[in-house]
Each structure stands twice: as C-alpha cells, then as structure tokens.
Amino acid sequence: MMAELRYNHAVNRAMADAMAADPTVVLFGEDVAGAGGVYGATRGLRDRFGAERVRDTPISEAAFVGLAVGAALSGLKPIVEISFIDFMTFAMDAMVNQAAKMRTMFGGQVSVPMVLRTQNGGGAGSGPQHSQCLEAWFAHVPGLKVVCPGDPASAYGLLRAAIADPDPVIVIEHKALYAMRVPEPEALPILPIGKAVIVRPGRDLTIVSYGGALRAVAETAATLSAEGIEAEIVDLRSIQPWDEAAVLNSLSHTHRLLIVHEAVEAFGVGAEIAARMADIGFDELDAPILRVGAPFMPSPIAKALERRYMPNTNSILAAVRRLLA
Amino acid sequence: MMAELRYNHAVNRAMADAMAADPTVVLFGEDVAGAGGVYGATRGLRDRFGAERVRDTPISEAAFVGLAVGAALSGLKPIVEISFIDFMTFAMDAMVNQAAKMRTMFGGQVSVPMVLRTQNGGGAGSGPQHSQCLEAWFAHVPGLKVVCPGDPASAYGLLRAAIADPDPVIVIEHKALYAMRVPEPEALPILPIGKAVIVRPGRDLTIVSYGGALRAVAETAATLSAEGIEAEIVDLRSIQPWDEAAVLNSLSHTHRLLIVHEAVEAFGVGAEIAARMADIGFDELDAPILRVGAPFMPSPIAKALERRYMPNTNSILAAVRRLLA
Amino acid sequence: MGKVSQHAALYRMVATIRQVEEALAALLAEGLIPGFIHLSIGQEAVAAGVMSVLTQADTITSTHRGHGHAIAKGMKLEAFFAELLARDSGACRGRGGSMHVADVANGMLGANGIVAAGIPIALGSAFAHKTLKRDAVAVAFFGDGAMAEGLLHECLNLAKLWDLPVLFVCENNGWGEFLPTEHQIVFTLDKLAAAFGVPHRTVDGNDVGAVAKVAGEVVAKVRKSGPMILECLTSRVGGHYEGDPQRGRDPAEQVAAKARDPLEIARARLAEGEADKIDRDVTGAIAAAIAFARVAPEPDWDVAAASVYTSAA
Amino acid sequence: MGKVSQHAALYRMVATIRQVEEALAALLAEGLIPGFIHLSIGQEAVAAGVMSVLTQADTITSTHRGHGHAIAKGMKLEAFFAELLARDSGACRGRGGSMHVADVANGMLGANGIVAAGIPIALGSAFAHKTLKRDAVAVAFFGDGAMAEGLLHECLNLAKLWDLPVLFVCENNGWGEFLPTEHQIVFTLDKLAAAFGVPHRTVDGNDVGAVAKVAGEVVAKVRKSGPMILECLTSRVGGHYEGDPQRGRDPAEQVAAKARDPLEIARARLAEGEADKIDRDVTGAIAAAIAFARVAPEPDWDVAAASVYTSAA
Ligand SMILES: Cc1ncc(C[n+]2csc(CCOP(=O)(O)OP(=O)(O)O)c2C)c(N)n1
Ligand SMILES: Cc1ncc(C[n+]2csc(CCOP(=O)(O)OP(=O)(O)O)c2C)c(N)n1
Ligand SMILES: [Mg+2]
Ligand SMILES: [Mg+2]
C-alpha cells in the first residue's frame, strides 16, 4: 500500500517540523497536549517536545489567546488552538484589538509572530454553534492574515508559512477535511501566504473557491468537463491577503466568474472578490458575477438540510448554467 | 431661535417614548443610568422611568449582553448599550451564537426582542481601539438585523423600529453624529427596517452610503452639482436587511454605482452591495462599480491622517471622476 | 406528596434519563442522530433532583450535556427523541438537536453548545422574573470545566449586585472534555462563592433524594433572598461525547465513577418490585417515543429558511 | 541605593508624572492632543513605586490611564510628549497616542484602550520569561473597575495553574468611569485572591515609599514563586477623562480624594529645599520635551500605511 498524507497528519507534521527547527515555537489550547486535539492534529507533540512547550489550557479562550499575544511580544512564537471557530466569539479582543493593531499602533516597535489555529465548516451535523465559517470577520481586520487550506499539502505548507510569518496569522482548517488523504507528495514545500493556485485549468469560466468547498467544486468541474465545459478552478488558499492578480488573470481569459464558498453568502468572502472584480475586472466580464454560498440561515442539523445548506454539485451546477446561459 | 433636533436627543427620545408606551422595555449598560451615557443619549431616563428599568452595569460586557438575551426570552424588551462597538469583541457570543440563532435553532418557539445600541466611527482622534466600524461582522450573521442611522430623524425612527421589532437588532449610532442638529421635524415616524431612502435625486450616478459617511457624500454631491453632475444619494439606513431593490432601481436609471462607507473597504458592507449589483444589476452597469472606504490599516490618531483615512470629499470626488471617465 | 411517592417519582425520572441516554447511544450507533451527543449517564440525579423542586414557571438554562435537564423540566419524550433525530415533530422542529434542545413553554431555555453561555441567559430570565414580579427563579446549569470561563465570574458578580433570583447549579463531574478539571481549575467553588458573598451548598449529586432535599431548601432561599450556588458532586461514567475513545483515562478512576450509581441509590429507596414496575413503564414510554420519532417527518427546508426572523416566520 | 537618594528618586518620579499630567491638561486645552486622555493625578505613587523595583528586563502591561506607567518604566519625555501630540518622533511614531503608548525596549508593552485586555498580555510575557528562562517578571496593571471583567478571573486561574512570574497590580481608586466601583463590584480583591490561592497584599497607593517597599517584597516573591496580587488603594483626583464634567460626583468625596496627596507625602520625606530643586529640574525637562514635541513632524501617511504588516514595513 502506497504512502498517503492525511490532512490532520499534515497539520501535525507542520507543527512538529516547526517546533523541531525553532525552540521558541510553543503550542497550547484546550486538550491539545494530553488528548492531542479533538481531531488528532496535535497528537504526540507533547511527548515529543515536552510539557513546557505543549500545554493544555483551561476553558478560558479570552485569556489564553491574549496570553499568546503577550508571549509573541516577548520572544516566543506561539501556536494557539481554538477547537471550533465558533468559540472565537470569546476570543475576539486579543486578535482584533490587540494582535492585529499592535504593530501599527506601536509605531513598528513590535511584530506579533503568533498563529491561531482553528477549524470551521459543516458536514458533520454539528449544528448552528459548531459549523460556522467566520473567516470574513477576520479578513476585514487590518493587521491579521487568514489562510484556509483545502488539502493536505496546503495544510502543511500554509501552516509552516504561518508559523514562520512575523505577523499574526489565523489558520482555518476544515473539520470535514481532517480525514482527507492524498498520495504522499514528493515534497512538502512551505507555501507563500497570499498566493492562489490553479487546481484545474479551463477556458470557459473561472470558479474561485477555497477550503471545504473545493471538493464540490472539483466534482462539478468534472461533470461539466464531460459536457465539454472547462472550468478553471482557482484555490485562493489565502483569504487575507488574497491573490487578486491570480483571479484577475484567470478572469481575463475566461471572462466569466463564479465564487463558491461554504460561508454564508451575504457579506462573506466572495463579496469582496466579486466587488474587486466588478471594479478592476469589469472590462473582462462577459456575464454577471455569481456566488454560491450558504443561504442566510443558521446551519441545519438534519443531514438532508445540511447537504442542501452547503455548496454542492447541484447548487454549483445551477450557478454555472446561469453563468453560461 | 427655531426648535432643533439633535441626534443624541433623538436617540434619547426614541427610548423615552418606547419606555413610556411599553412597561416591558428596560435599558441597561455601562453608565447609562447615573451618567446618562458617554454621549448623553440616555440622560434623564432613570429619573423618569426608575432605577428598576434603567440600570448601570459593571464592566462585564459578555455577561450583561447575555443577560439581555435571557431577559428577552422571558418577557422583557431590553435595550442594552455597548458604549463603543470596539468593545463588542467581549460580547460577540451572546449576539452571534445565542440571540441570532435561537429562533431558528429552537424551531420558532421564541423570538428574541432585544436591541443592542452601540456607536462606531472616527473623527474624534479616538484611535484604533475606539473608532472601528464593525457592522459587516453582524450583517454576516443570519438572525441579526443591523441599522446605521445617519441623521436625527433616522436615529429616532430606526431605534423605535428596533425596539418594536421582535428580533434582535443592533443599532449602530455614530459618535461624530451625536451633536448633529436639524430643524425639529413636523413628525418623527417610526422607520421601517430594511428600507433605504433617496436623500438626493440625481441622474448621472448612484452613490450608496450610510451612517457617518453621508455628510461627506452630500458635500461631494453639492460640488458635483455645481459642475452639472447630478449624483443620486441612497442612504441605506439598514445594513441587514438592506434595500437591494432601492439600490437596483437607482442604478437602473443612473447606470453607474459608487459605494461609500467609513468602514474598512476590504470585506466591508460595500463589498456585498457591489457583489449583488455585479450579479442582479450587471446589465445596468455602464462602468465598474467603485467603492470608497477606509484603507487597510488601523485608524490613525493624528488629525491629518485620520481625515485622510476617513471618506472625504477628495477621495469621493476622485472615485466619481474615475466612474465618469 | 408523601415520601414513598416522592422517592418513586424521583426514581422514575432518574430511570427515564438513564434509559433515554442508553437509547440514544444505540440510535447514534444506528446512524440516526446527526452530530455528536454528550450523555449524562452517572449524573441523572442532578437533573432529576433539582427539577423536582422547580415549578413550570421557573426557568433553566442548560449545557451541551442537557438531555436530562430537558426531560426533567418536562419535555415530552416524543418531542425529545424526534428532536434528537432531527425530525420536524421534534421540540425544536429538528433544528436544534442534542446541543440545542429547548422547551420554552416548560421553562427550558435551551441546552447550549457554548460552554458557560447559558449562565447569563439564566441571569436575564431571573431579571425578567424579578422585574415582572413573577414568583419564579431561574437556574443556570454548568459544568466544573465552565468554572474557567470568566463569564461565570461576571455572572456571579452581576447576580449578587442586582440580587437576582438565580440558582447556579454546578455539575461537578471532575472532567472538562478530555482532561480532569483538577488540571484546569485552581480554585474550589465554595471559596469562589465566599468571595462573591453568594451562599454555596454542596450535595452528593449521585443521591437524587439528597439533591431534591437540598435543592428544595436552596430554591426556597433563592426565591426569597437572591442568588445561591448548588454544587453537585457527580460522576461522568462515559466519555465526553458518545464514542469518545477516552484515551489515557485512568481505568481505576472510571471504575470509581461507576461505583455510586445514581440509579441504584434511588432504587434502594423503593419497596420491593416498585422499581421494576417503573422500569417497565419507562421502557415502554421510551420505546413508544422512539417509534414515533423513527417515522416522524424530516424538517422542511422552506419552513426552516423562513424561520430565521419572526417577521418572516 | 541609600535611603535619601531613594526617597529623592521616588519623589522625582512622582513629581515628574504629576507635572506631565498637568502639562497634558494644558496641551489638551490648547487643542494639540487628539482624542481623550485619562490623567493619573492622585495615583502617581503607584507607578513610581512599583516601577522603582523593576528591572529593564521586567515587562508591564498598562491601561487607558497609563501615562505614569510609561514614564516610570523609562519612556523618554521627548518620545512621550511627541506621542501624545501624535508626532512622528513619538514613542509609537504618533500612531498610538495616549491610550496606546508603548516602549517595548523598556519592557512597557502598551497602555490599552480595552479594559482588562492588558492582563492576559502580561501573562503571556511572563510565560515567555519563564519558558525562555529569563530572570524577569511581568506586571499587569488594572483598575478596580476591571475586576468585573471575567478576563481578570480567567487570568488569575491561568497564572496560578501555570505558576507564572506575574504580578497583578490593582490601582483601586474607587471609580469605574462615572460610577463608584462599590456599585459595580460585590467582592474585594483580597477575598478573590484567597479563592484562587494567589497571595494578596494591600498598600497605601498614595505613599510612594510604602508602595516601593511592599512592591519590592512582592516582586521578589513573584520572581521566585509565582503570581501575586498587589492592591494599591489610591484616589482619582480628577474626572474619568480630562474634561469630564463629573456630574453628580459628591464634592466631599472629591475633597477626600485630594486629601492625601502623593506628591506632598513624598515631599515630606525630603530634606529642606531638595524637593524644590527636583521640581525645577523636572519642570525644565518637561518644558524641553514639550518644546521638542511641539515642533516634531506629523506622522507620514505612507510610512503608517506600510506599517500594518512586518513584511511590508
Ligand atoms: C466556549 C467553548 N469552549 C470550548 C468548548 C468545547 N467544549 C465542549 S464541552 C467542554 C468541556 C466542558 O466541561 P464541563 O463544563 O465540566 O462540562 P461536562 O462536559 O463535564 O459536563 C468543552 C471544552 C465549547 N463548546 N465552548
Ligand atoms: C472592554 C471595555 N469596556 C468598557 C470600556 C470603557 N471604559 C474605559 S475606562 C473604564 C473604567 C475603568 O475603570 P477602572 O478599571 O477602575 O480604571 P480607572 O479608570 O479607574 O483608572 C471604562 C468602563 C473600555 N475601554 N473597554
Ligand atoms: Mg465537568
Ligand atoms: Mg478605578
């Protein structure tokens, strides 16, 4: 059986490699040390790097994320985990009013080299308080960087980049991707924050997506291809900053743009991409810019409703048909 | 001297009228009772309605906003004040994970008739932690309503509507508007949430704005008019839900769209408006959709920098020139 | 009601919660329950005992481990199971599920997926009771792990400052997710209570009779004279969530957790044969409720989508 | 250093902070300071006394009322005034202002516009000191009003749990914004400290000698054996912010607040004439710093815009 790389193992390996390379990298969060995290992404790290560097925290999100900010100001490179992005409601201040603003506010005296790892998304019937995709909140905050890895290699490469980055980076993994496996890649490079990748070339339309929605997008593209419609898929990878040039470039040869993400469509990440392209990409557009995102309601728990709530081949296909009509 | 209505007095009157009409309306927050609020908007209410209904809270934002949610579930109509929207970083959970979701999550068993009053914006040199415009965060959350009154009559009419509304409404006043005066209106109607208003008709372009940015927009429109360029100004008033029909209608006769707000442009409210119009309004567009918002940096404190940071006649004029070029 | 019938009633509720949780484990294994569920096996006496002294007008807020609270507060078994199976006939029309079961008509203001988030909601309900001059109290259930959330501390201060008729009930099972709370919390609730001047009582949370007795005294005090804390020492027999592999949980500790079984303790108070009869009743009622839930319709998309706002509902 | 020179040094710092605050009031009236400012007149002895026992390697986090903390921790007066006037030569290049003065080289990790937000940052700094085996402590300054923020309580638990070298310094001035804290907080810090098992000391915060002495003992303990709380009883002589009309503040209370002036108390410890000489030095230094700040250049837009991220800086 050929070697495979699992998403949660890629996350784990990124932290292990970074901690092995740099003794100032530390990790803490709820149940990351003893239990190895809800999704096993931190398993084995305390045994390997010791109880000083890998710590379980009490259920005090505001305090331990704030602690990470102070640690980053004083010589450490903390990785702090919030087990569901939904719980960021308790830890907004440290990221938004402190970490994000310190470099500017203190006149460049400091950098805040911290990483906040969390996960978003649905598909597990986890319900309205455990399935949200709140990346747009953080992308709106100057001083923060936000990445959303959509496959194991990105999970490794973006997390390594985030840990190496001198500024605060929020790494948003996806709960439904932790079990995703790919053949072990030849190499696992550190990936540049802010760079998108064309995961599928195509001439007929551009589909911009990221994170958990990429799989449904890829399936849809395969279906379309059978009909002779070639969709170009751009995986943003980074949400803040995002790769405007890559999207514009793709649009400039397909002239049609669809944005797909799992987050609520209204005021979501796709809105910014559409808005920018309706400005700098206006002359390239042969059709309206369309978006597929969650409808304006909290996540349902019933499987059938949740499937319909999340972007799926039906909803994406329908949008593509409209776009090409 | 003819009677005038001041924005903060309009806010005060809205609460007074609602409390006089409905004994279940209560008000609490930091220094709202004894001191009458940082901007005087709640002055006199405790004397008039009593210490049971108008209360000062400790500096415990998470607790007293959560308390408002529970009070709303049990027969009261609480108005809770967060003195600066920047402090919502401590009170996100009660609004986002609780108030917003309860009606859907509990299968329609409950409504959560609460109002969260806060204020945003710059112009006072208050700096990066006291000048933010975070309305886009809340507009992205299904279950919440968000309004941003831009003048005294709207401050009254929208707050009355918010208090009467069965669902949680976030009313975002603007610190630089509290001292704004207008001649006392004949009548002060309750204004419908979700309806925009054309504050200036025009044929050449549509400028969509709201809240604190409206004044610079109006000044710019006057300058343009002197050149024979007639801008139609749409005051959204409500951000969630927002009046898509009114914007589309204006666009359908001007064919040019500029969105102006004080919030950071990237991933701000304007992104959603632009994205929707790049979809349903695409055929009406004769030019790119442009936005003027704050650049991607925390608010500066130096007066000159803050003036440049906020939308102003120069930045708005420059955008209009590009739009009409 | 008389002693005997009270013991019988308490046993019935403990047995009901136990059998409900066991049935849920089976239904989850069958793949009928979306998401993860947190069972309260070993803690049933807390819900049964506290709720036995509350009126329908009294309100409660619960936690992620809220099945017992919902049922003890009066939620019908049909509505409960249909909700857990995410069906339209569920208490929340299948839109809440395990972590969000609510039965507002019976004063159950919701389980909660967010640790400690129910506490200020109970405060608000108590504030409404007081302001509207209702003779009712609000009860906030929370776990010992939630003691690390500042929100609890803010609420203790506010409840005392405003003298609210709220009871804080801590279900102290020694665990916070996958880590014993001794590794999370440096203080004890009685000392914290003393700092806030909020009266605190401790009770054996596995003895439903003891819980009912102490809760009765405490709730009576809260009705008259403001906030109190009731700490129930209990045990989480299973994992944090159903299916939790419980890596590295000390087997001895797990045996100890099972040792004082609330069901057995309650059972010992009943006359020969009485418990068996109750067990059979309960089994029947649960079987009927599950049968109802199994065939209950799925939630309707359009109804759900129209339910986000009241105006639109 | 010897007694006399220590008293003189402490007096000098108290006098410096006092004259700085008075100068700021005048500069604000002149319209040279953007935003609102919170003066520490009446509380100078806390900053002067605590900082007198810290090394440059020790770190502090401050509050919205942080001018004294910044200066006592070593911020140069030129950099301070230029910052308050939002000039490019300011400590934060004119981008922080009163509520965000920071001097990281001297271990001053920032004033803070968010109540209690500096506390976990101090914990993090202490965690770094400990992990990197630095012989340094972190000090978190906060006001009595911040006692209502759950964040403080979370931090007490975490500091004790992780045994961090952090000192919690409460500047108890009896006020939280426009309301006496007796109407906000039902507990006392010593009782709370006892609950967390964090040693607590109270000191007369208007007597700089007493603060220095007790802080010396306390900081020595923190270096060796983990978190402690130092509660400084002090008085806010002016309003919450400069220009605060102080509606409804009891005149008697205000007189009482002025009664035990930290400046006079410190002055009384000096030999005849010594204080006057120090006053003159301080006045001169401040005048020079203000002269520097008045003519300092405004911040540059492009530099500020390029400063949001390190990579781009
Ligand atoms: C704010 C928040 N943080 C973390 C979690 C994840 N979580 C769910 S239950 C739990 C442990 C709670 O322990 P305790 O309060 O003692 O309740 P118990 O599970 O023991 O009944 C945690 C950490 C959450 N749901 N919400
Ligand atoms: C999270 C948050 N809530 C409210 C405020 C507004 N505010 C600024 S200072 C203050 C009072 C703080 O009182 P205390 O901590 O005692 O400090 P003092 O002003 O007495 O020095 C308040 C409520 C804030 N800045 N941040
Ligand atoms: Mg527990
Ligand atoms: Mg104070």
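All values below were derived from every heavy atom in this structure, side-chain atoms included, with hydrogens, water molecules and symmetry-related copies excluded.
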- Highest number of heavy-atom pairs under 4.5 Å with chain C: which of B:Pro166, B:Ala62, B:Gly143? B:Gly143
- Query: Under 6.0 Å between the ring centres of C:His69 and C:Phe141?
  - Reply: yes
- For this output row, return yes or no: ring centroids of C:Phe36 and C:His38 closer than 6.0 angstrom. yes
- Hey, what's the ring geometry for C:Phe127 with C:Trp162, parallel, tilted or perpendicular (30° and 60° as the breaks)? tilted
- Flag the one option from C:Asp103, C:Thr61, C:Leu164 with the top tally of heavy-atom pairs under 4.5 Å to chain B. C:Asp103
- Item | chain B contact via C:Leu132 - which portion, at a heavy-atom distance below 4.5 Å | side chain
- Message: With a 4.5 angstrom heavy-atom cut-off, is it the side chain or the backbone of C:Ile119 that approaches chain B, or both, or neither?
- Response: neither
- Query: Side chain, backbone, both or neither: which part of C:Asp88 has a heavy atom under 4.5 Å from chain B?
  - Reply: neither
- Item | Atom group of C:Ala122 that falls short of 4.5 Å from chain B, counting heavy atoms | neither
- Query: Mind checking whether B:Tyr210 and B:His261 have parallel, tilted or perpendicular rings, split at 30° and 60°?
  - Reply: tilted
- Residue part contacting chain C, namely of B:Phe90, when any heavy atom lies under 4.5 Å: neither
- Task: Heavy atoms only, distances under 4.5 angstrom: which of B:Leu76, B:Ile59, B:Val112 has the most pairs with chain C? Name it, please.
- Result: B:Leu76
- Query: Does the gap between the ring centers of C:His100 and B:Phe106 come in under 6.0 Å?
  - Reply: no
- Within the 6.0 Å centroid threshold, strictly below: C:His153 and C:Phe187: yes
- Query: For the residue pair B:Phe84 and B:Phe87, is the inter-centroid distance of their aromatic rings smaller than 6.0 Å?
  - Reply: yes
- Based on non-hydrogen pairs under 4.5 Å, which of C:Leu161, C:Ile114, C:Thr59 is most in contact with chain B? C:Ile114
